[in-house]
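To keep things clear, I will list the structure first and then write my remarks on it.
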Amino acid sequence: MHTKDGYSVVVVGAGLVGERLVSELRRRRFPFRELRVLARSSRRAILDGEEFEIGVAEPGAFEGVDFAFFAGTEGEKGAAVRLAREAISRGATVIDNGSDFRLDPGVPLVVPEVNARALEEHEGLIANPNCSTIQMVVTLAPLARRFGLRKVVVSTYQAVSGAGRGGVEALQSGAGEAFPKPIAGNAIPLIGSVGEDGYTSEERKMREESRKILSMPDLPVYATAVRIPVHTGHSESIYVELEREASPEEVLAAFEEASGVSFSGDPQDFPTPLEAAGEPETFVGRVRVEGDRVSYWCVADNLLKGAATNAVQIAETLVGARVS
Ligand SMILES: N[C@@H](CC=O)C(=O)O
């Protein structure tokens, strides 16, 4: 790696997450000496207010690269399947936002506030979790540490930008096939594909990825993932059963002290997607505690903490730069 003048960084993908990766790398002052964007074909594009000459994502483009961020494409095999190994063999560390490698036992799946130590084991490829998983585990981790977890039940209210530019277009103009039914004025309880057990791929991601990140392979997680007509910011209603009884004060203290969590104990001061959009942290409010049962509301920007910010925090952890 070239540390003297900063790192050579590429972002693969110029969609919503690719653009947020560019803006987060800059906003957080990641120490790069060059920042290039690659995609399926070459073109010029305005990203984060600047015109980029987008190069073709092909093996040779990773020569001399230190960090390659793959923006990932939900619902299909991402570019990382084709190119991650090529990048790693040329010396790059790959951080993949796609879902292809997340459950591979040889690939760390990392949310820095929760399991940064998993990075010690990496062999060039690190997976960034699903957006709805990230914000959930950021809030489950402080409860797990203090009280232990017995069961999690979560319902999501997911923004259209989680489905990329096509999702945003579907809300704005009703065009396209991003969702199985019209999204404007609606709520669609099906994100991804339905499996034999009746759960969708999004719901299975929340279960399996959370288990891996929290190192709790048997944790019961029951998820229902719903798309709603909000541009950006995923919301989640989370119900948790703890291993022991806790007082409301103890639970509030756990959220207050949690890294990456912005918390309000005032029931009138609840977070919403409009307020979370553009912010890097995960917001928690409406906390209710009854013995060993805790219910709360959690919101985060799905393109930032749910994707780009978390990916950049992983790289920051690796190079010993800031993580906040
Ligand atoms: N699967 C999510 C995107 C996050 O990675 C969604 O569809 O909202």
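For ligands, and for the atoms within them, numbers begin at 1 and follow the listed sequence.
Side-chain contact, Gln158 with Glu236: no donor N or O sits under 3.5 Å from an acceptor N or O.
For Glu202, a nitrogen or oxygen atom sits less than 3.5 Å from a nitrogen or oxygen atom of ligand 1, counting backbone and side chain alike. The shortest N/O to N/O separation between Ser132 and ligand 1 does not fall below 3.5 Å.
With a 4.0 Å cut-off on non-hydrogen atoms, Ile191 touches ligand 1 through its side chain and not its backbone.
The contact set between ligand 1 and His234, taken as ligand atoms under 4.0 Å from a residue heavy atom, comprises 8 (O).
Taking the six-membered ring for Trp and the full ring otherwise, the centers of Tyr7 and Phe67 sit less than 6.0 Å from each other.
Within 6.0 Å of atom CD in Glu123, 12 or fewer heavy atoms from other residues, nucleotides or ligands are found, so the atom counts as exposed in its surroundings. Annotation for Arg85: atom CZ does not count as buried by contact number, only 12 or fewer foreign heavy atoms lying within 6.0 Å.
In this structure, Asn302 does not count as a contact residue of ligand 1, since none of its heavy atoms falls inside 4.0 Å of the ligand.
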Task: Candidate pair Arg102 and Asp96, rule salt bridge (Lys or Arg N to Asp or Glu O under 4.0 Å), full reasoning - done: CA-CA 9 Å; Arg102 288 179 187 153; Asp96 178 27; over 6 Å; no
